[in-house]
Each structure stands twice: as structure tokens, then as C-alpha cells.
Amino acid sequence: MFQSQENLILIIVGTILLLLMGIFIVGFMFFYQRKHNAYVTERSLMRLQFNEEMLKAQVEVQEQTLNHISREIHDNIGQVLSFVKLSLSSLKTLDDEQRHKKIDDNRELIAQAISDLRDLSKSLSFERIKAIGLKDSINAELERLEKSGLIQTAFNIEGEPYTLGPERELVLFRIFQEAINNSLKYSRAQNLNIGLNYTTNLFILSIEDDGDGFLLAEKLNDSGGSGLKNIGNRAAIIGGHAALESKPGNGCSIKITLDPLAEQKYVNRTYPDRAG
């Protein structure tokens, strides 16, 4: 009798343990599936965000290119050709020597206009940035700025340049453009220093101007600091980090750092959401 009760107790305990183990396994599988679904959803949202940022950067680079082309055609090539047109209309009133001199002058002006058009055809777009890379894209933009006389520039490269991939380099170039636009529009800077530092485990893009400067905390907290916030968010979207420094009267410094060997999209699925 006692043995039968003992066996019955063992059977009940064993059954309870089996039930508990089954509940634990089912619960664990449910928890794992829930975490997996959340992970998949997060990755999908991050991929969507990344693609949207890439498209936005491409559109902005294209708009910048079109604005540059429009200004150059209106302010430079259009005026040269208008002058040539007026000059040629006066040829019939000149003697042979004056006419030949005028034709030679106009020929030089037309040659210059053709050269300017050729330069415009090489204006930067997403496809051209992909083709020539970040270093040459930045150099071409700085040459254009120097030619415009808006600001003095210096470009320093340390280490052996390597590619960071077209998506990363597009975002970095757009960050560079946004920083330059801020310097030209708001800071009244006279000098601009751009640096690229290539090492095995770290890439750094640095942008410094000698403009008016500002209180960084105030700028990031008001609506006028959206450009600076964009810089931080865009650096984060490619697995990088943006460090901004500025004080009234001391210009502005922007440093973008990232690991060239890390996964190019959403490093470890975590990244800062604002400038440091």
C-alpha cells in the first residue's frame, strides 16, 4: 500500500515536472519568436530609414549641382555669349584691322565659354561621386569655391586613401556640402580647412572654419540648428559619429569619425541619434 502511494506520488510529481517543462519550452519558444519578430521589424525599419536617407542625399546633391549649373550659365557663360553677340553685331562698322582684332577677341571668349561648359558637364552628381570617390569630389568642390572667390580653402590628406563604399561616401560628401553651406551663409568665415585622415581602423573627415561661431547647445536646441542635427543623424546612419565644437568668435569645427572595417549599414543595430 505504502509502495503504491509512493509510486503514485512519483508519477504525479513526474507529470507536473513534464508539464512545467512543456510550459517552459512553449514560453521560451514564444519569447524567442517575439524577440525574433521584433528584430526583423527593427531591421526592416532601419533599412527603410537608410534607403530614405540615401534617396534624400542623392536628391540634395542633384539640387546643389543644378543650382550651381544655373548660376554659372546665368552669371558667366550667358554674359560672355551676350557680349560676343553684341561685339559681332558691330563688326560691319569696323575696318579690316579692327574687324580681325575683334574676331580674335571673340574667338577667345567663345573658347573660354566652351571650356566653362566642359567644366559644368563634369559637375558633381551622385554618379560622378561614385565614379571619382570622396577625395576627388571634395577637391573638385573646393576648387569651385576657390574660383568663386567666396572663401579661401585648404585641403589636407593624411594616410593612404581608400574607398568607404558609394553609400557612405555620398553621405559624407553631403555632410561636407551642408557644413560648407552653413559656413558661407551664416558664419562670415574667410578660411576653410578640410581634412581627410585614413588609417586602418579609423577614418576622419574634419571641417573647420574661422567664422563667427555660436553657442552649440543653443543651436542644437532651436529650430535653426536643423542643419547641425542633420549632420549628426547622417553620420549615425552610416555607423559614424559627429563631434561638433563652436564658441562665439572661435569658428566651428566638425569631425566625423567611423570605422572603415565595420558593417556599413547600422553598425550593431545601435547608433547615436544626434551630434556629440
Side-chain angles (χ1 to χ4, degrees), residues 47 49-73 76-77 111-148 150-151 153-181 183-184 192-207 230-231 233-240 242 254-267:
R47 165 56 66 180
Q49 182 184 4
F50 184 84
N51 289 338
E52 288 177 350
E53 190 61 42
M54 289 302 104
L55 179 59
K56 183 179 178 181
Q58 290 181 41
V59 170
E60 289 174 347
V61 169
Q62 193 69 27
E63 288 177 349
Q64 189 88 355
T65 300
L66 291 174
N67 289 336
H68 166 57
I69 291 174
S70 176
R71 286 194 301 269
E72 284 295 307
I73 290 176
N76 185 15
I77 298 173
Q112 181 60 48
I114 292 172
S115 176
D116 290 341
L117 279 173
R118 188 178 296 113
D119 290 340
L120 282 179
S121 70
K122 298 176 182 178
S123 294
L124 294 172
S125 64
F126 175 52
E127 293 303 322
R128 180 154 175 78
I129 293 170
K130 286 203 304 183
I132 67 177
L134 178 66
K135 175 177 69 70
D136 290 338
S137 297
I138 289 178
N139 189 57
E141 190 77 352
L142 293 178
E143 287 180 352
R144 183 179 71 81
L145 284 174
E146 283 280 352
K147 183 179 177 181
S148 71
L150 295 173
I151 196 169
T153 67
F155 190 25
N156 182 52
I157 300 172
E158 297 182 18
E160 186 65 28
Y162 47 72
T163 180
L164 296 162
E167 293 172 329
R168 269 183 160 180
E169 293 196 343
L170 170 66
V171 172
L172 288 168
F173 181 76
R174 185 56 198 154
I175 288 173
F176 159 78
Q177 277 189 326
E178 194 147 17
I180 300 308
N181 288 338
S183 293
L184 294 176
L192 184 68
N193 295 315
I194 308 299
L196 298 180
N197 190 309
Y198 296 87
T199 63
T200 303
N201 299 315
L202 188 67
F203 167 82
I204 301 174
L205 164 64
S206 59
I207 305 164
N230 282 341
I231 288 174
N233 292 336
R234 283 177 166 166
I237 213 74
I238 56 171
I254 299 172
K255 183 178 291 186
I256 310 297
T257 58
L258 57 85
D259 181 356
L261 303 179
E263 183 183 357
Q264 290 192 13
K265 304 176 186 67
Y266 310 109
V267 178

Non-hydrogen side-chain atoms of I180 and I194 separated by less than 4.5 Å: yes
Contacts of type side-chain hydrogen bond (donor to acceptor under 3.5 Å, both in side chains), residue N181, not counting sequence neighbours: Q64
Flag side-chain contact, heavy atom, 4.5 Å: N156 against N193: no
Beyond-backbone contact of L192 with S183, side-chain heavy atoms, under 4.5 angstrom: yes
Non-hydrogen side-chain atoms of L172 and I238 separated by less than 4.5 Å: yes
Salt bridge (charged side-chain N to carboxylate O under 4.0 Å, His left out) against E158, all qualifying residues, sequence neighbours excluded: none
Qualifying residues under ring-ring contact (aromatic ring centres under 6.0 Å, His included), relative to F155, sequence neighbours excluded: none
S137: partners by side-chain contact (heavy atoms from CB on, under 4.5 Å), with sequence neighbours left out: L124, I129, I132, F173
Test item: Y162 and T200 side chains (from C-beta on) under 4.5 Å apart, heavy atoms: no
Contact check, side chains of F203 and L196, non-hydrogen atoms, under 4.5 Å: yes
Exercise: identify the closest heavy-atom pair between E169 and G133: OE1-CA, 3.5 Å
Minimum heavy-atom distance between G240 and L258, given as atom pair plus value: CA-CB, 3.7 Å
Taking every non-hydrogen atom, the tightest pair across P260 and R168: CA-NH1, 3.7 Å
Check: L145 and L184 side chains under 4.5 Å, non-hydrogen atoms: yes
Partners passing salt bridge (charged side-chain N to carboxylate O under 4.0 Å, His left out) against E141 (at least two apart in sequence or in another chain): R144
All salt bridge (charged side-chain N to carboxylate O under 4.0 Å, His left out) counterparts of K135, not counting sequence neighbours: none
Lys/Arg N to Asp/Glu carboxylate O, R234 vs E178, below 4.0 Å: yes
Residues that T257 engages under side-chain contact (heavy atoms from CB on, under 4.5 Å), provided they are two or more places apart: L202, I204, H241, K255
T163 backbone acceptor or donor facing Y198 side chain under 3.5 Å: no
